[in-house]
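No hydrogens, no waters, no symmetry mates; every other heavy atom, side chains included, goes into these values. Within every chain, numbering begins at 1; the chains are lettered A, B, ... in the order of the sequence lines, protein sequences first and strands thereafter. Only a predicted model underlies this, so the values are computations on that prediction, with no experimental measurement involved.
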Amino acid sequence: MAVRLYNSLTRQREEFSPLNPPRVGMYVCGPTVYGHSHLGHAKSYVSFDAIVRWLRTPAPLGPGFDVNYVQNITDVGHLTDDADEGEDKVVAEARRRGLHPMAVVETFMRSYLDDMDALNNTRPDIMPRATAHIPEQIALTQRLIESGHAYEVNGSVYFSVGSFPDYGKLSGRKFEEMEAGARVAVNTEKRNPADFALWKRAEEGHIMRWPSPWGEGFPGWHIECSAMSQKYLGLTFDIHGGGLENQFPHHECEIAQSEAAHGVPFVRYWLHNNMCTLEGQKMGKSLGNSISLKDVFYGREGGVRDKAGNVLLDRTFEPVVVRHFILTSHYRQTLDFSSDALRAAESGSYKLRDAARELHRAAHVAQPPSAVSADPSRDRSDPSRDRKGAVSQPTDPSGDRGGATSTSADRAQLRQAMNPLPHGRGSDRPHAPLPSSLATSDAVRSALAEIEQRFAEAMNEDFNTAAAIATLFDLAKRSGEWLRDGLAAPGGAGSGASAGDRDADPKFATRAADLRAADGLMQHLAGDVLGFYWPAALGGADNGKQDDLIRLLIDLRAEARKNKDFALGDQIRQRLSALGVELRDGPQGTTW
RNA sequence: GGCGGCGUACCCAAGUGGUUCAAGGGGACGGAUUGCAAAUCCGUUAUUCGUCGGUUCGAAUCCGACCGCCGCCUCCA
């Protein structure tokens, strides 16, 4: 099954075939770090993370590409006004705060990474910073001057749009039309209003400045992406992603610079993710309704308000819920955030979480000690998988935590495990057995195989994460059925039979293998591919003494209920609930 | 003015020519289970895809017109 994707350049869905398979070079426009990340960043980078994760998913389930994922950090040159007249955004923020621009950059770069980690986005392989690539940008600018595509005026250098006939091919704009309807402010240095800055002269007092052949100055915004992508991915690379709002002028300018300088195609597939709105309204910094991710995740007084005190979101939501919500729509579709929509996503996310946990627990309980190495969900030592950075969970010797059910205690470990090694350390193409192949009963095997196929088809069709999630819910539903069947069967997981008894029961062996296969698939699809990571606020997996203490209270409560002392039982439940531990009484006992 | 997108049930949302295509989630309602609660389970909730035409043996899916909403062309992922 080949990956098909919508290429903005050709405006159609086409089969993806990389230049040098299995390698894939991918560049995604990163943030300009002059403020905290907002919901728009979340949509963009969660979407591209899902794309990267899928491209890296080992065959035969996924395409198994070896993706080199580059995402820049813009820390200079992005002006508040695109007529090349405004102030540098970072510098403006620095003055407002009375800080050095580089301190502003450090602050918000870390903030950005924190938020992306919280969303469980895989870290890019390379995160080049514009200020660390000044020589490369100067060299590219120089090359453009030499080839007649750029000119210098008073220490600033502009790209001559008229020298590049293809200008406008990405955004569908015609150069002549733009000249006529240009809304850009008049810059007297430009020969043509549509020309854009490659290098800007630094005025007196401008802090961020570097020497150049044209005097002291700083790079224009667009040039960094051309310079850094070519450095790390080559003159022609496979995928360039970014927000739709950057299609013009930013990406158009990147194409012009790169192709004019080198005479070869710049990017083969352009991917643009759509914007998001809030209650149907455009979300923008200038509109004052842009919501920072930190407010969404941790917000104050249980909600998010704008400066005027209007409620934007009536409560906070976990990062995994935001991720779930984003992935239930298509990346090229606009997404409307609202409290109600997030609440609905939360219910769905938690339902999936609970089903995955129940399955994982049952598969674990059902597992004879001798079968440890056969569990696909714990196949974390496979070097080809670790290397890809597609594994969402740390290597865990106890094997008790899979991609979808980790405990919060593993958070630090998780982050480390996200990117154990850069991509491409080996020449072998990643390959992993299909979880369905590990099921022993025909019914379960074919059911899992069908899920695998539908999931893969969805992701292969322009990364249809919404359809992929739907198959996860189906898997959760089927798993629930198998679980209930198993619990009712002799020797089932909930029957209290000892491990020795179960080992001797052939029925049990079959069931255990099936549950492990189902669990392995759930872990892989929900955890590794879609990146769902549910912090274990409710416990669930083994969490050492804390779990033992909760178990103790549950036992005491069971005793109380047995004696019809419901007041005490309810008190225990309520007080645990206040601590974030929800008890659930099931036919097989109490879980939480 | 130029460029582009969208309009699918109460809400979110997938689906871009035909047989399992009207997914999935949320919500609501009815029922099962339950000391209560939560969760879970079963069932119900679009003969129809903004409107009107057209193409076709066949359209939510293609074409045209119209209505409505939105984005980009200033800053934003």
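Across all strands, A:Tyr45 comes closer than 4.0 Å only to sugar-phosphate atoms, never to a base (heavy-atom distances). No contact: A:Lys564 has no heavy atom under 4.0 Å from any strand. Across all strands shown, A:Gly243 has heavy atoms under 4.0 Å from sugar-phosphate atoms exclusively, and none from any base. Note on A:Lys477: only backbone sugar-phosphate atoms sit closer than 4.0 angstrom, heavy atoms only; bases stay farther off.
Between A:His240 and A:Tyr269, the gap from one ring centroid to the other reaches at least 6.0 Å. Close placement of the A:His251 and A:His272 rings is indicated, their centers lying within 6.0 Å of each other. The six-membered or imidazole ring of A:Tyr69 lies away from that of A:Tyr27, with a centre-to-centre distance of 6.0 Å or more.
Taking atom CZ of A:Arg361 as the reference point, atom P of B:A39 lies 16 Å away to the nearest angstrom. Atom CG in A:Leu583 sits about 16 Å away from atom P in B:U40, given to the nearest Å. Between the CZ atom of A:Phe455 and the C1' atom of B:G24 there is a distance of 13 Å, given to the nearest Å. We find that CD1 of A:Ile572 is positioned 15 Å from C1' of B:G35, with the value rounded to whole Å. Distance, A:Phe248 CZ to B:C3 P: 14 Å, rounded to whole Å. One atom, CG of A:Leu475, and another, P of B:G25, lie 13 Å apart when rounded to the nearest Å. A:Tyr331 places its OH atom 15 Å from the C1' atom of B:A77, with the value rounded to the nearest Å. Atom CG of A:Leu352 is separated from atom C1' of B:G25 by 10 Å (rounded to the nearest Å).
Residues A:Glu93 and A:Arg97 are paired through a salt bridge, judged by an N-O separation under 4.0 Å between the basic side chain and the carboxylate. Checked for salt-bridge contact, A:Glu346 and A:Arg315 meet the test: a charged N lies under 4.0 Å from a carboxylate O.
Listed candidates were B:C42, B:A23, B:A77. Nearest to the side chain of A:Glu481 is B:C42. Candidate nucleotides B:G35, B:C36, B:G26 were compared by shortest atom distance to the side chain of A:Arg573, and B:C36 ranks first. Listed nucleotides: B:C72, B:A23, B:G35. Nearest to the side chain of A:Arg454: B:A23. Distances from the side chain of A:Arg561 to the nucleotides B:A77, B:G35, B:G27 place B:G35 closest.
Not a single donor-acceptor contact under 3.5 angstrom links the side-chain atoms of A:Arg343 to the base of B:G26.
Contact between A:Cys29 and A:Glu254 at its shortest, heavy atoms only, is SG-OE2, 3.8 Å.
Separating the P atom of B:A60 from that of B:A38 is a span of 42 Å, rounded to the nearest Å. Comparing B:G18 with B:C62, their P atoms are spaced 11 Å from each other, to the whole Å. Comparing the C1' positions of B:G17 and B:C12 gives an interatomic distance of 27 Å, to the nearest angstrom. Separating the C1' atom of B:A9 from that of B:G27 is a span of 12 Å, rounded to the nearest Å. Comparing the C1' positions of B:C42 and B:G58 gives an interatomic distance of 37 Å, to the nearest angstrom. Rounded to the nearest Å, the gap between the P atom of B:C11 and that of B:C3 is 33 Å. Here, B:C70 and B:A65 have their P atoms 22 Å apart, quoted to the whole Å. Going from the P atom of B:A46 to that of B:G24 covers 14 Å, rounded to whole Å.
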With B for base contact, S for sugar-phosphate-only contact and - for none (protein heavy atoms under 4.0 Å), nucleotides 4-21 of chain B reads S-S-----SSSS------
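Distance CZ/A:Arg478 to CG/A:Leu521: 12.5 Å, rounded to 0.5 Å. Of the inter-residue distances, the one linking A:His38 atom NE2 with A:Leu278 atom CG reads 12.5 Å to the nearest 0.5 angstrom.
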Bracket string, RNA chain B, 5' to 3' - pairs by Watson-Crick or G-U geometry under 3.5 Å, | interstrand = ((((((((.[[[..)..(.....]]]((((((.......))))))....[[[[[..)....]]]]])))))))....
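Between A:Cys29 and A:Asp570, the residue anchored nearer the 5' end of RNA chain B, judged by the nucleotide with its closest heavy atom, is A:Asp570.
The aromatic ring of A:Phe473 is not stacked on the base of B:G25, since the criterion of ring centres less than 5.5 Å apart with planes inclined by under 30° is not met.
For residues 316-335 of chain A, every residue pair satisfying the ring pair (Phe, Tyr, Trp, His ring centres under 6.0 Å) rule, not counting sequence neighbours, is listed here: A:His324-A:Phe532, A:Phe325-A:Phe337.
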Does the side chain to side chain contact (heavy atoms under 4.5 Å, CB included) test come out yes or no for A:Glu461 and A:Arg13, once each step is laid out?
-> CA-CA 9 Å; A:Glu461 272 303 317; A:Arg13 219 173 259 200; 2.8 Å; yes
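Cation-pi check for A:Arg332 over A:Tyr6 is met; the charged atom lies under 6.0 angstrom from the ring centroid and within 45 degrees of its normal.
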